[in-house]
2 protein chains.
Amino acid sequence: MEDLKLSRKEREYLRHRQEILQVALKLFSERGFHNVSMHEIAQKSEFAVGTLYKFFSKKEDLYLALILEKAREFRSALTAALQTPGDEMKKIRTWLEAKIRLFMDSLDFVRLYVAETRGGSFNIKAGLDKEIKKNYEMTLKEIEALFASGIKKKLFAKFDPHLLAVALEGISNAFLFEHLEHPDKHWLDANLILEIFFQQVYTGGAHG
Amino acid sequence: MEDLKLSRKEREYLRHRQEILQVALKLFSERGFHNVSMHEIAQKSEFAVGTLYKFFSKKEDLYLALILEKAREFRSALTAALQTPGDEMKKIRTWLEAKIRLFMDSLDFVRLYVAETRGGSFNIKAGLDKEIKKNYEMTLKEIEALFASGIKKKLFAKFDPHLLAVALEGISNAFLFEHLEHPDKHWLDANLILEIFFQQVYTGGAHG
DNA sequence: CCAAAAGATGAACCAATATTCACAATACGA
DNA sequence: TCGTATTGTGAATATTGGTTCATCTTTTGG
């Protein structure tokens, strides 16, 4: 984002910090917070344990920084996607496409993020929990607003917009998880998800 | 299930075992595997630490037993719900109602289960992972079969039945999670979920 | 080239806690 | 009632792994 005007020292500091975070992300995403030791992060990132503590004062802080920074990145990318011009349907499509792309590009983070948002956030203490949840709620609110205005225009059927947002999140996440488990089986496709969500599934036996 | 023909000793053994599991479930569901100590489980269940090890040879085994036994219980209840007479739509409705009821009746377990199935199962080692996943896949397969036969009868629109099953799971879980977070906000209602899932959401601007 | 500062190191320390086991309490059958 | 078997106990042990800090290395400015 805003690089420049950083001294060489500062850039190096940030690069080192990033390297640590990257190694930690890989490890945490594979085995979770408690099954990864600082010693291992140190070894894999080719720093000494003590050095890690120059960057992060506690193991928990390292983890926290990891999740929060990525989560903010995700959120801003998704919010940006909503700024696309077009009607509500178009915006939702763009948003979903962005979401799929983001997830596919950082599957390891997704696992961790999911564990945090959905898994009762056992792994770490409060604080993280709070911001992550708020983050999620805000995304939900944005989608909700989109539905609300779409309903006003009679573009969408008249359901509670909040529930629609929850449902769309749910359905798209389900597909993403499915893909996480069986990457080869189905290709992730925004159109398919949107069709199932928006089209009529129950025909009641009408001639198909 | 099949009680009787157990000696008093055996019944007592099982009762003790259950008491331990129950206490452990409460604790694990609140704070996760790693943030609960055997000593605490011992204290809260009013047994000595050593006694716990008479029932479960490792902490992990205790956790494992806990999840697996409840998961099997869930699964058999859901499978039973699918045996209800009626057409595919009716079966799905009954299944969803059973699912909602089950979840509502054991919110603490649900948190743990979700953490396991969705959260990359960091908490414990393999083995559990495998059975839980298979369990989930089988439920999915059952729903999928329902969709497949419903589609053949032209009761449902012609989508990939597997994807429909994933979508329905996703949408219903999303509502369950939403309810976990905001128990007061919306009342969990199978009809509402089914409407959003099965009815047409996108009208394309038709007169509403 | 040198001294002071900044950065990096990893052995050692220590707290937390899973697990063991020698012993005590209790139940049981004779 | 008594000896044996079963069950329960919890202090002691062992291990793991987070954190510290005295020391070494590198950089910097003169």
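A, B, ... follow the sequence lines: proteins, then strands. Residue 1 opens every chain. Please read these numbers as outputs of a predicted model, since none were measured by experiment.
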Peer 1: Check step by step if salt bridge (Lys or Arg N to Asp or Glu O under 4.0 Å) holds for A:Glu30 and A:Lys26.
Peer 2: CA-CA 6 Å; A:Glu30 283 164 352; A:Lys26 182 160 184 337; 2.7 Å; yes

Peer 1: Do the charged groups of B:Glu40 and B:Lys44 touch, with an N to O distance under 4.0 Å?
Peer 2: yes

Peer 1: What integer distance in Å separates A:Ile20:CD1 from C:dG7:P?
Peer 2: 14 Å

Peer 1: Roughly how many Å is it from CD in B:Glu12 to P in D:dT7, rounded to a whole number?
Peer 2: 10 Å

Peer 1: Go through the structure and list residues passing ring-ring contact (aromatic ring centres under 6.0 Å, His included) with B:Phe159, not counting sequence neighbours.
Peer 2: none

Peer 1: Can you name the residues that form a side-chain contact (heavy atoms from CB on, under 4.5 Å) with A:Gln43, not counting sequence neighbours?
Peer 2: none

Peer 1: Quick one: is C:dG7 close enough that its OP1 or OP2 comes under 4.0 Å of any side-chain N or O from A:His16?
Peer 2: no

Peer 1: Just the rounded figure in Å: distance from P of C:dA6 to CZ of A:Phe55.
Peer 2: 16 Å

Peer 1: Taking only N/O atoms, report every protein-nucleotides 20-22 of chain C pair under 3.5 Å with atom names and distance.
Peer 2:
none

Peer 1: Can you establish whether the number of heavy atoms outside B:Met104 located under 6.0 Å from its atom CE is more than 12?
Peer 2: yes

Peer 1: A:Tyr13 has an atom OH; how far is it from atom P of C:dA5, in whole Å?
Peer 2: 21 Å

Peer 1: Would you mind listing every side-chain hydrogen bond (donor to acceptor under 3.5 Å, both in side chains) that reaches into residues 192-201 of chain A, with sequence neighbours excluded?
Peer 2: none

Peer 1: In whole angstrom, what separates B:Leu62's CG from C:dT17's C1'?
Peer 2: 15 Å

Peer 1: Which atoms of nucleotides 24-30 of chain D (N or O only) lie under 3.5 Å from a protein N or O atom, and what are those distances?
Peer 2:
unit_1, atom_1, unit_2, atom_2, d
D:dT28, OP1, A:Arg8, NH2, 2.8

Peer 1: Partners of B:Phe197 by ring-ring contact (aromatic ring centres under 6.0 Å, His included), sequence neighbours excluded?
Peer 2: none

Peer 1: What is the separation between atom NZ on A:Lys59 and atom P on D:dT20, rounded to the nearest whole Å?
Peer 2: 15 Å

Peer 1: Output all residues satisfying ring-ring contact (aromatic ring centres under 6.0 Å, His included) with B:Phe74, sequence neighbours left out; order by chain, then residue number.
Peer 2: B:Phe103, B:Phe109

Peer 1: Which residue pairs pass the salt bridge (charged side-chain N to carboxylate O under 4.0 Å, His left out) test with at least one member in residues 76-97 of chain A, sequence neighbours excluded?
Peer 2: A:Glu88-A:Lys153

Peer 1: The criterion is side-chain contact (heavy atoms from CB on, under 4.5 Å); which residues satisfy it with A:Leu192, sequence neighbours excluded?
Peer 2: A:Asp189, B:Leu163

Peer 1: Is the closest basic N to carboxylate O distance between A:Arg15 and A:Glu12 below 4.0 Å?
Peer 2: yes

Peer 1: Is there a donor-acceptor pair under 3.5 Å between the side chain of B:Gln83 and the backbone N or O of B:Thr79?
Peer 2: yes

Peer 1: Quick one: pull up OG in A:Ser45 and CG in A:Leu52 and give me the separation to the nearest 0.5 Å.
Peer 2: 5.5 Å

Peer 1: What residues, two or more places apart in sequence or in another chain, satisfy ring-ring contact (aromatic ring centres under 6.0 Å, His included) together with B:His16?
Peer 2: B:Phe47

Peer 1: Using whole Å, what does the distance between atom P of nucleotide C:dA18 and atom NE2 of B:His34 come to?
Peer 2: 10 Å

Peer 1: Could you identify which residues of residues 38-46 of chain B place a heavy atom less than 4.0 Å from some atom of DNA chain C, listed by residue number, or say none?
Peer 2: B:Met38, B:His39

Peer 1: Expressed as a whole number of angstroms, how long is the span from A:Leu52:CG to C:dT9:P?
Peer 2: 9 Å

Peer 1: Which atoms of nucleotides 14-16 of chain D (N or O only) lie under 3.5 Å from a protein N or O atom, and what are those distances?
Peer 2:
none

